[in-house]
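Keep in mind that the numbers below use all heavy atoms, side chains included, and drop hydrogens, waters and symmetry copies.
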Amino acid sequence: MPTTESADNDQLFVLTAVLLTPAQFPSVLGDDYPEVCAGLGLEPYAEGYGLVLGQDGDGARWTVATEDVSLVACAIAAWDCGMEYDLSPQESSIVGALPGWPLALAVAAPGVPSPHDPEPEEGDPAPLTPPDAEAWGPAQRRLGADEIAMQWAVWREQVDGDDGFAEPGDEAHQGVRRVLAEARAYVTDPPPPGRVRSSFAAGEARTLRVDGPGWSMVARTDDIAFVLLDEEPGEVHPVGRGPELPGLLSSLDELAVRPV
């Protein structure tokens, strides 16, 4: 977690920051990059944004959107290494200051009042609030897919042989069949940016994250896939490679956006 710094002349005490680009964005906020941008009232520019979350001198929550993606990326990398980094976007790079936080934070700036939404002024947008991830739904489904991607080895070990796989032709897994069909359609009709993302994995493999209406899929290009569905709370369906999955994953990886 970053140390608290003063980000600009308005004394925003920075608590954390996240990237908002087609290849990297908080999955909990939406299935794709344009959807997340729309929820924040931002234009879905291809270059993306950095989101800086903090408190002002009165303790109010604010989210500052900056076009200086490189600065935010450097700050996040430094904080991940346990280093201090003064994240101070230039005023000219700031797109807007949005009241509230889109993500839940368990930290607060020292020496200022407890986090609270700022007093609204006429014409101000409603304060940003985190999605409800307590009950099963799109937000929790996407968070579940995030967890599988981060803990791939743990989840992979739970699949014993071929017994636990949902096969594409199995009538008992119509939801899985639908997901694979919709993912296959992405190959010929590319979806909005961010619905198919590719990141590094062990060896020469890639980790794929694919989302669609009511579903998420996490896969390794050299291995299997896991599917989560809105209509099946808490269920995770492993999908074996079989004759079709390798080609589908390869095709999805070719159209996926990747972190720079």
Side-chain angles (χ1 to χ4, degrees), residues 1-80 83-133 138-139 142-143 192-194 259-260:
M1 181 60 59
T3 55
T4 305
E5 300 288 350
S6 174
D8 53 33
N9 292 334
D10 293 328
Q11 294 293 302
L12 180 77
F13 296 95
V14 177
L15 297 175
T16 192
V18 295
L19 293 177
L20 174 56
T21 70
Q24 292 176 276
F25 55 85
S27 299
V28 68
L29 299 181
D31 287 325
D32 56 55
Y33 174 66
E35 180 182 342
V36 176
C37 287
L40 298 173
L42 299 171
E43 291 294 325
Y45 295 128
E47 295 78 7
Y49 306 90
L51 300 181
V52 182
L53 281 63
Q55 294 174 260
D56 64 19
D58 295 325
R61 307 181 186 96
W62 290 95
T63 298
V64 172
T66 173
E67 295 177 332
D68 197 341
V69 177
S70 296
L71 176 68
V72 174
C74 288
I76 294 172
W79 296 335
D80 287 345
M83 302 168 58
E84 292 189 7
Y85 194 100
D86 182 2
L87 178 52
S88 302
Q90 295 294 318
E91 186 174 351
S92 60
S93 76
I94 294 177
V95 177
L98 311 172
W101 294 336
L103 303 171
L105 299 185
V107 294
V112 300
S114 298
H116 61 274
D117 290 332
E119 288 293 329
E121 296 183 5
E122 186 175 354
D124 283 351
L128 300 174
T129 57
D132 180 10
R142 292 188 292 260
L143 287 174
V260 177

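- Here the closest non-hydrogen pair linking Leu20 and Phe25 is CD1-CB, 3.7 Å.
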Let me have the donor-acceptor pairs involving side chains of residues 103-119, under 3.5 Å, with sequence neighbours excluded, atom names and distances please.
| residue | atom | partner | partner atom | Å |
| --- | --- | --- | --- | --- |
| His116 | ND1 | Ser114 | O | 2.9 |
| Asp117 | OD1 | Arg61 | NH1 | 3.0 |

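- There is no side-chain donor-acceptor pair under 3.5 Å between Thr66 and Asp68.
- Looking at Tyr33, its side chain does come within 3.5 Å of a backbone N or O of Tyr45 through a donor-acceptor pair.
- Note: Gln55 CD to Leu15 CG = 5.5 Å, rounded to the nearest 0.5 Å.
- Pairing each heavy atom of Leu29 with each of Glu35, the nearest pair is O-OE2, 4.5 Å.
- Leu40 places none of its side-chain heavy atoms less than 4.5 Å from the side chain of Tyr49.
- The nearest pair of heavy atoms linking Val52 to Pro89 is CG2-CG, 4.4 Å.
- The minimum heavy-atom distance linking Gly39 with Leu128 is given by the pair O-CD2, 4.2 Å.
- Checked by atom type and distance alone, the side chain of Asp58 never pairs as donor or acceptor with a backbone atom of Ala60 at under 3.5 Å.
- Thr63 contributes no side-chain N or O that, together with a main-chain N or O of Leu53, makes up a donor-acceptor pair within less than 3.5 Å.
- For the residue pair Trp101 and Gly54, the shortest heavy atom distance occurs at NE1-O, 3.0 Å.
- Scanning all heavy atoms of the two residues, the minimum distance from Cys37 to Pro44 falls at SG-CA, 3.8 Å.
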